[in-house]
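This report concerns only the one structure given below.
Counting starts at 1 for both ligands and their atoms, following the listed order. We number each residue from 1, following the sequence as shown. All values below come from the heavy atoms of this structure, side chains included, with hydrogens, waters and symmetry mates left out.
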Amino acid sequence: MEPLKALLLLSGVLGALAELCVVPPIHSQLVEKLGQHLLPWMDRISSEQLNPSIYVGLRLSSLQAGTKEDLYLHSLKLNYQQCLLGSASSNDNSDCQTKFSAGHLALYLLALRANCEFVQSRKGDRLVSQLKWFLEDEKKAIGHNHEGHPHSSYYQYSLSILALCVHQKRVHDSVVGKLLYAIEHDHHVRQGHLSVDTEAMAGLAFTCLERFVFNPDLRPRITMAIDKVREKILKAQTPEGNFGNIYSTPLALQFLMTSPASGVELGTACIKARASLQASIQDGAFQNPLMISQLLPVLNHKTYLDLDFPDCQAPRVMLVPAVEDSSPAHIPEVISVTLKVSSVLPPYKQTISVLAGSSLEDVLKMAQNIGGFTYRTQPSLSGPYLTSVLRKEVGDREFWQLLRDPDTPLLQGIADYKPQNGETIELRLVSW
Ligand code: B12
């Protein structure tokens, strides 16, 4: 048989065995609208508001923001390098250390790769060392017998491995070993629920490690872990098509798109997920810049793994700011929302009046203004994170969970969630 024919036959056989996760294109106008949401966030360049994930998402998308994008990267570099590499003795620096976690540093390294830069020079090496120290520290927190937990989360642990890997920096086998063990034994499962986001991030990290084969002895375990992650994510698909929920679907798809699989209905699952994503985008479910930044690569058939060899010359459509809606404002309607906190003594319950379209954060502000209620937040890449309610601060591995009465956890944070008239929202202190 001619060599070409033999090759075609072989690829045909392999193709029939292995299924690919392909996400069919979504209407370009919808994608542009998502990109437009990011533009105002790119004007916020104070160190607290900078978000390297936005830069990564945009660079892996089909869209570009021209000089705004260059300026944003410049601000990221100024802030991160000054902060992370500043003199350890200065007060400023200790302030920085609390502002930027290892997860932020990992995202910053991904942003550099998104601009086709490798960490080089002494400064770059120090950033890499910081991330490696962080992983060593987390490894110690997990402990020899895997009985502990990372101080941050397995999500940030995986993100850090991924960032080092796309910079082709070796990660110690024992560090990888802890993540393998966690995935093999479901150690990151929280309250019995699988965190699809965490699985997907771990899957992306493993797939990168598999590509670079730092240690061939680990390869079979890594390959098995990738298969296990895929299996669990596919099992977590809902009847609507989401992997986990709508907001974990982008990262899940990023992972599923990186490796073909045989013997599973991967292609069909991804087409179903894409349909659900399209419906949610049309419904306006994607407003949060972090969520958009994880989604945009998927809509451009890209994943964080493309950062190993990014195509920085790929043509991208220039974004233009959205035109303000000038339709006449209608008379504002007042709605009632009941706020309930049972995790404190005495329990708190109060009905608050706010304008329709107000966020949960507006409700909390109003309750605080009325009196008898207090809360505090901390800025994060996803927006304001609720850390204290009625002076009760979260303890180790605790968080203030947001629920719609009676027992439905919200899928959005306080700044994004808009309660409906008559709804009761509970703030509940829980362990994770
Ligand atoms: C780990 C995690 C948690 C942990 C965080 C604790 C910890 N020490 O890590 C726990 C379990 C406590 C948690 C809680 C919540 N989470 Co969460 N979380 C994540 C996850 C998997 C990773 C976040 C991360 O580390 N990012 C990387 C680092 C570098 O960024 P960072 O900004 O520094 O990270 C901090 C914030 O992300 C913050 N955080 C975590 N979750 C959320 C959610 C919101 C809305 C905000 C504002 C902040 C926030 O905690 C991180 C650590 O300090 C993401 C998944 C994802 N796809 O991003 C979901 C994710 C961000 N969480 C989500 C949600 C909905 C929540 C909750 C609102 C759930 C609820 N009903 O109560 C609460 C937050 C409530 C509050 N108090 O404000 C959604 C947000 C979707 C959206 N529309 O924006 C995501 C995408 C998961 C999902 N697929 O549903 N989360």
Exercise. Of all the atoms in ligand 1, which lie at a distance below 4.0 Å from a heavy atom belonging to Tyr247?
Worked result: 81 (C), 83 (N), 89 (N)
Seminar exercise, completed: Looking only at non-hydrogen atoms, the one of Arg397, Gln401, Gln156, Met201 nearest atom 25 (O) of ligand 1 is Gln156
For this session: Please identify which atoms of ligand 1 are closer than 4.0 Å to at least one heavy atom of Gly103.
Result: 29 (C)
Exercise. Should Leu411 be counted as touching ligand 1, given the test is an N or O pair under 3.5 Å?
Worked result: yes
Exercise. Considering distance alone, does some N or O of Thr198 sit under 3.5 Å from an N or O of ligand 1?
Worked result: no
Problem set entry | From OG (Ser380) to CG (Leu386), nearest 0.5 Å | 11.5 Å
Seminar exercise, completed: When rounded to the nearest 0.5 Å, the distance separating CD of Glu199 from CZ of Arg230 is 12.5 Å
For this session: May I ask you to identify, for Met291, whether its side chain, its backbone, both or neither come under 4.0 Å of ligand 1 on a heavy-atom basis?
Result: side chain
Exercise. With a cut-off of 6.0 Å (strictly less than), are more than 12 heavy atoms of other residues, nucleotides or ligands near CG of Asp43?
Worked result: yes
Exercise. Is the number of heavy atoms from other residues, nucleotides or ligands under 6.0 Å of Lys228 NZ greater than 12?
Worked result: yes
Exercise. So is there a nitrogen or oxygen of Trp400 less than 3.5 Å from a nitrogen or oxygen in ligand 1?
Worked result: yes
For this session: With heavy atoms of Gly413 as the reference, note each atom of ligand 1 found under 4.0 Å away.
Result: 45 (C)
Exercise. Under 3.5 Å, is there a donor-acceptor pair linking the side chains of Ser359 and Asp362?
Worked result: yes
Exercise. Looking at ligand 1, does any of its N/O atoms fall within less than 3.5 Å of an N/O of His151?
Worked result: no
Exercise. Which part of Tyr385 is near ligand 1, with near meaning a heavy atom under 4.0 Å away: side chain, backbone, both or neither?
Worked result: both
For this session: Output the list of atoms in ligand 1 that are nearer than 4.0 Å to some heavy atom of Pro384, sorted by atom number.
Result: 47 (C)
For this session: Mark up the atoms of ligand 1 that fall under 4.0 Å of a heavy atom belonging to Gln412, in ascending order.
Result: 65 (C), 68 (C), 83 (N)
Exercise. So is there a nitrogen or oxygen of Asp197 less than 3.5 Å from a nitrogen or oxygen in ligand 1?
Worked result: yes
Exercise. Do any N/O atoms on Ser101 end up under 3.5 angstrom from N/O atoms on ligand 1?
Worked result: no
For this session: Return yes or no for this condition: an N or O of Leu386 is under 3.5 Å from an N or O of ligand 1.
Result: yes
For this session: For Arg211, look at atom CZ and say whether over 12 heavy atoms of other residues, nucleotides or ligands are found less than 6.0 Å away.
Result: yes
Exercise. Could you give the distance from CG (Leu299) to OG (Ser62), rounded to the nearest 0.5 Å?
Worked result: 7.5 Å
Problem set entry | Leu251, any N or O under 3.5 Å of ligand 1 N or O | no
Exercise. What atoms in ligand 1 come closer than 4.0 Å to a heavy atom of Leu410?
Worked result: 65 (C), 69 (C), 70 (C), 71 (N)
Exercise. What's the spacing between Leu360 CG and Ile352 CD1 if we round to 0.5 Å?
Worked result: 10.5 Å
Exercise. Is any side-chain heavy atom of Val344 less than 4.5 Å from a side-chain heavy atom of Pro346?
Worked result: no
Exercise. Can an N or O of Gly383 be found at a distance shorter than 3.5 Å from an N or O of ligand 1?
Worked result: no
For this session: Considering the heavy atoms of Leu290, write down every atom of ligand 1 situated less than 4.0 Å from one of them.
Result: 58 (O)
Exercise. Cut-off 3.5 Å, side chains only: do Glu48 and Ser46 have a donor facing an acceptor?
Worked result: no
Problem set entry | Best match, Pro379, Ala106, Ser382: closest heavy atom to atom 37 (O) of ligand 1 | Ser382
Problem set entry | Which of the ligand 1 atoms, numbered from 1, are nearer than 4.0 Å to a heavy atom of Ser152 | 8 (N)
Exercise. Roughly how far, to the nearest 0.5 Å, is CZ of Arg113 from CZ of Phe309?
Worked result: 7.5 Å
Exercise. Is any NZ, NE, NH1 or NH2 atom of the basic residue among Arg59 and Asp306 found under 4.0 Å from an Asp or Glu carboxylate oxygen of the other?
Worked result: no
Seminar exercise, completed: CG (Leu162) and SG (Cys208) are apart, to the nearest 0.5 Å, by 5.5 Å
